[in-house]
Amino acid sequence: MSEIDTSNLDFIRTIVAQDLAAGKNDGRLVTRFPPEPNGYLHIGHAKSICLNFGLAQEYPQGVCHMRFDDTNPEKESVEYTEAIQADVKWLGFDWGENLFYASDYFDVLYDYAVQLVAMGKAYVCSLTAEEMRAYRGTLKEPGKNSPHRQRSVTENLALLEGMKNGEFSDGAHVLRAKIDMASPNINMRDPIIYRIRKVSHHRTGDKWCIYPMYDFTHSLSDAMEKITHSLCTLEFADHRPLYDWFLDTLQTPCHPQQIEFARLNLNFTVMSKRKLMQMVDEKLVNGWDDPRMLTISGLRRRGYTPASIRRFCAEIGVAKRESRIDMGILENAVRDDLNDIAPRRLAVLHPLKVVITNYPEEKEEELTVANHPKNPEMGTRLIPFSREIYIDHDDFLEEPPKKFFRLAPGREVRLRAAYFITCNEVVKDAEGAIIELRCSYDPASRGGSSPDGRKVKATLHWVSARHAVAAEIRLYDRLFNQANPEADPDIDFKEHLNPDSLQILADCRVEPSLLEATSSDYFQFERVGFFHLDSKESRPARPVFNRTVTLRDTWAKVAAQ
RNA sequence: UGGGGCGUCGUCAAGCGGUAAGACACAGGCCUUUGACGCCUGCAUUCGUAGGUUCGAAUCCUACCGCCCCAGCCA
């Protein structure tokens, strides 16, 4: 075998590199992403997508198939197949011509089943579900053979035909592989291959009233597509002997290698489609694409970029050990991407009016501001300035603590790209709440620096009161307030929902240029965070922005002490 | 207690018999018209535990401990 460098490759990439170097599978590399279309994709699927499609991209001959595992029509729908395809494409991956459906194989699969029966390796069992469970034995005790295990091939063939032709009702019979009821691996205790389900399928309609089970379908689908490496999560490791049994027994032209890796777990969220669906159905969130949801569509709406998700998946790696990744890693991945590509804008979330008393009443001017501090190629824009502006309430403290160096009575600060201002007076309402600041500006400091070289410790973001656009801004926090909401099986995970995961700020003021924002833009609102126009709630005259992620906030840490 | 899988920094994760990569987090410093970004420095004498093999072990052997998964006509 030729020398190959596998350092810094995860264990799956190492196996693939070695297989390829050894000339296995005629040098082909074919992976597949096999979602069941019974819900929307989430960040956990992104890990699998990035692994399967990513791996294929790493080799010139690599191919990754998109295949819907649509063998359970009761839970599946075309809505999901469409959403899933849109999500994978948005993530930046392309399956080309290789779009498949397990349901496309139903005819072949049936032939394979007949073949098993003919070989005496499968039989029709007429036990009820409860009886079958009893016959299956337990984890520690072997199962018992079904009384129908010795049916003749002829009888089995006739019965299977009858099942296919709709002669029996749901649950009357089942087709089982004849393996070993005493196997220590429960999956090998004569697993079911076909069940009767008189429901129509989203793709095959009413053609079938029997549907194949996962293990049978998946292994054979992989073989038919000549998949070389069939990657799945750890819980399927116990199924590998069965996967291999189908392929060996039926002597398929190729035998893909199943390799298991650990699924993704993230702190402060849940990662199962069933639970996500429950939150959607119970209206605990506003749909699958609620920006708080860790679905691909939710992340997209929240303002995550495809690159940030790919980057996240690359960072967390692939291994067999179960892990629980901190949300901070995901957040850091978007920050890193957005920091480079997001143009800067000024927006005030909690407006506090500031009157610049020595600035002429009717005067207006336009100030030039860079769109990105480190990337001149992103250009500049003009922002209007006038006598009355808004700054953020958080940027003023009447009695500032030691380390607070923003605005305070008598103190001078810089307005970003504008002027130095000094606070002279604090105006309060009857309740004593601060409602306005009266400041004076230094005309010589236009652009944000003073000719005399005097320094200020803070630079504030601001917006001209007269020109600002009213906007709604939505702040999101973790959906759950428990690191692992599923930790205690006796407590419903929904009990751990964070009641403050959504905060709507209805009265924000943003710079005028933001009126042109679209949901394909990503912005940094300076000193606040990264924001993205909400694709569903925005109206032309009233933009709604989602906070994708905050900026790192050293002051918040200091202030907390 | 049947079978399968896993235990390396707070969280991920390399390492594959030659003397513990990297990322995030954290701490300190520099820079700064974003308390952001960037840059610099520090951060596992130790790899679940205990024995053993070896000149040498996270890596090999043995025993033990702990965690996860499996008894759907779901995937």
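In this text the structure is predicted, and so the values were computed from the model without any measurement. Labels below follow one simple rule: chain letters A, B, ... track the order of the sequence lines, proteins then strands, and each chain is numbered from 1. What you see below is based on every heavy atom in this structure, not just the backbone, and it leaves out hydrogens, waters and symmetry mates.
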The criterion is ring pair (Phe, Tyr, Trp, His ring centres under 6.0 Å); which residues satisfy it with A:Phe268, sequence neighbours excluded? none
For B:U45, the Watson-Crick or wobble counterpart (both distances under 3.5 Å): none
Rounding to the closest angstrom, what is the interatomic distance between B:U54 and B:U19 at atom C1'? 14 Å
Taking everything shown except A:Lys457 itself, do over 12 heavy atoms lie less than 6.0 Å from its NZ? no
Between A:Leu234 and A:Lys374, name the one whose nearest nucleotide on RNA chain B is closer to the 5' end. A:Leu234
Taking only residues at least two apart or on different chains, which pairs with a member in residues 256-269 of chain A satisfy side chain to side chain donor-acceptor pair (under 3.5 Å)? A:Glu235-A:Arg263, A:Arg240-A:Glu260, A:Gln258-A:Glu260
In terms of side-chain heavy atoms of A:Asp326, which of B:U11, B:A71, B:U34 is nearest? B:U11
Once you round it to whole Å, what is the distance between C1' of B:G4 and CD of A:Gln258? 12 Å
Between B:G38, B:A75, B:U34, which nucleotide has the shortest distance from any of its atoms to the side chain of A:Leu551? B:U34
From B:C24, B:C12, B:G72, pick the nucleotide closest to the side chain of A:Ile316? B:C12
is_close_aromatic(A:Tyr80, A:Tyr40), centroid dist under 6.0 Å: yes
Between the base of B:U34 and the side chain of A:Arg344, is one N or O donor paired with an acceptor at under 3.5 angstrom? yes
Within the modelled atom types, does a donor on one side and an acceptor on the other bring the side chain of A:Asp238 and the base of B:G3 under 3.5 Å apart? yes
So, A:Ser126 and A:Arg151: side-chain donor and acceptor under 3.5 Å apart, yes or no? yes
For A:Arg411, the salt bridge (charged side-chain N to carboxylate O under 4.0 Å, His left out) test, sequence neighbours excluded, returns none
Closest nucleotide among B:G72, B:C74, B:A21 to the A:Asn8 side chain: B:A21
Would A:Tyr214 and A:His218 count as a close aromatic pair, with their ring centres under 6.0 Å? yes
Counting only Watson-Crick or G-U wobble pairs whose two distances fall under 3.5 Å, which nucleotide matches B:G72? none
How far, in whole Å, is B:U59 from B:U8 if one measures between their C1' atoms? 11 Å
Between C1' of B:C67 and CD of A:Glu486, the distance in whole Å: 16 Å
Does A:Arg324 place a side-chain N or O at less than 4.0 Å from the phosphate oxygens OP1/OP2 of B:U11? no
Taking the side chain of A:Leu139 as its heavy atoms from C-beta onward, which of B:G3, B:U34, B:C70 lies nearest to it? B:C70
Please give the distance between the P atoms of B:C60 and B:G7 as a whole number of Å. 12 Å
Ring pair (Phe, Tyr, Trp, His ring centres under 6.0 Å) with A:Phe385: which residues, sequence neighbours excluded? A:Tyr359, A:Tyr419, A:Trp462
May I ask you to list the residues of residues 448-460 of chain A, by number, that have any heavy atom positioned under 4.0 Å from an atom of RNA chain B? A:Gly448, A:Ser449, A:Thr459
When the P atoms of B:A21 and B:U41 are compared, how many Å lie between them, rounded to an integer? 15 Å
Identified salt bridge (Lys or Arg N to Asp or Glu O under 4.0 Å) partner of A:Glu526 from the options A:Arg416, A:Arg344, A:Arg345: A:Arg416
Salt bridge (charged side-chain N to carboxylate O under 4.0 Å, His left out) against A:Arg321, all qualifying residues, sequence neighbours excluded: none
Grab the CG-P distance between A:Asn339 and B:C39 for me, whole Å please. 11 Å
According to the Watson-Crick and G-U wobble definitions, with both distances under 3.5 Å, which nucleotide is paired to B:C30? B:G38
Nearest listed nucleotide, side chain of A:Lys140, among B:G2, B:C70, B:A14: B:G2
Give me, pair by pair, the N or O atoms of the protein and of nucleotides 6-9 of chain B that are less than 3.5 Å apart, along with how far apart they are.
{"from": "B:U8", "atom 1": "O4", "to": "A:Arg321", "atom 2": "NH2", "distance (Å)": "3.1"}

With sugar-phosphate meaning primed atoms plus P, OP1 and OP2, does A:Gly171 contact a base, only sugar-phosphate, or nothing at under 4.0 Å between heavy atoms? base
Taking the six-membered ring for Trp and the full ring for Phe, Tyr or His, determine whether the centres of A:Phe545 and A:Phe525 are under 6.0 Å apart. yes
Can you tell me how far C1' in B:G5 sits from the matching atom in B:G48, rounded to whole Å? 16 Å
For B:U49 and B:A13, measure between their C1' atoms and round to the nearest Å. 23 Å
Looking only at atom P, what distance separates B:C9 and B:U45, rounded to whole Å? 11 Å
Base versus backbone protein contacts along nucleotides 26-32 of chain B [heavy-atom cut-off under 4.0 Å; B, S, -]: S------
Looking at B:C74, I'd like to know if its phosphate oxygens (OP1 or OP2) sit under 4.0 Å from a side-chain N or O belonging to A:Arg195. yes
Name all residues meeting the salt bridge (charged side-chain N to carboxylate O under 4.0 Å, His left out) criterion together with A:Lys75; count only those two or more places apart in sequence or in a different chain, and write none if there are none. none
Compare the minimum distances between each of B:A36, B:A14, B:C12 and the side chain of A:Ala319, then state the nucleotide with the smallest one. B:A14
Looking at B:C24, which nucleotide sits across from it as a Watson-Crick or G-U wobble partner, both distances under 3.5 angstrom, or is there none? B:G10
Under 4.0 Å, counting only non-hydrogen atoms across every strand here, what does A:Phe405 touch: a base, just sugar-phosphate, or nothing? base
Taking for each residue the nucleotide of RNA chain B bearing the nearest heavy atom, is the 5' side occupied by A:Ile329 or by A:Ile186? A:Ile329
Would you please name every residue forming a salt bridge (charged side-chain N to carboxylate O under 4.0 Å, His left out) with A:Arg414, sequence neighbours left out? none
Among B:A71, B:A75, B:G38, which is the nearest nucleotide to the side chain of A:Asp336? B:G38
Quick note, A:Glu315 side chain, CB onward, closest among B:A23, B:A75, B:A14 is B:A23
Between CG of A:Leu127 and P of B:G72 the distance, given in whole Å, is 14 Å
Determine the interatomic distance between C1' on B:A71 and the same-named atom on B:G3; round to the nearest Å. 12 Å
Over how many whole Å does the gap from A:Leu338 atom CG to B:U34 atom P extend? 19 Å
Applying ring pair (Phe, Tyr, Trp, His ring centres under 6.0 Å), can you list everything that pairs with A:Tyr101, at least two apart in sequence or on another chain? A:Phe68
Under the side-chain contact (heavy atoms from CB on, under 4.5 Å) test, residues paired with A:Glu58 that sit two or more places apart: A:Arg13, A:Leu55
Out of B:C12, B:A14, B:C74, which has the shortest distance to the side chain of A:Ser323? B:C12
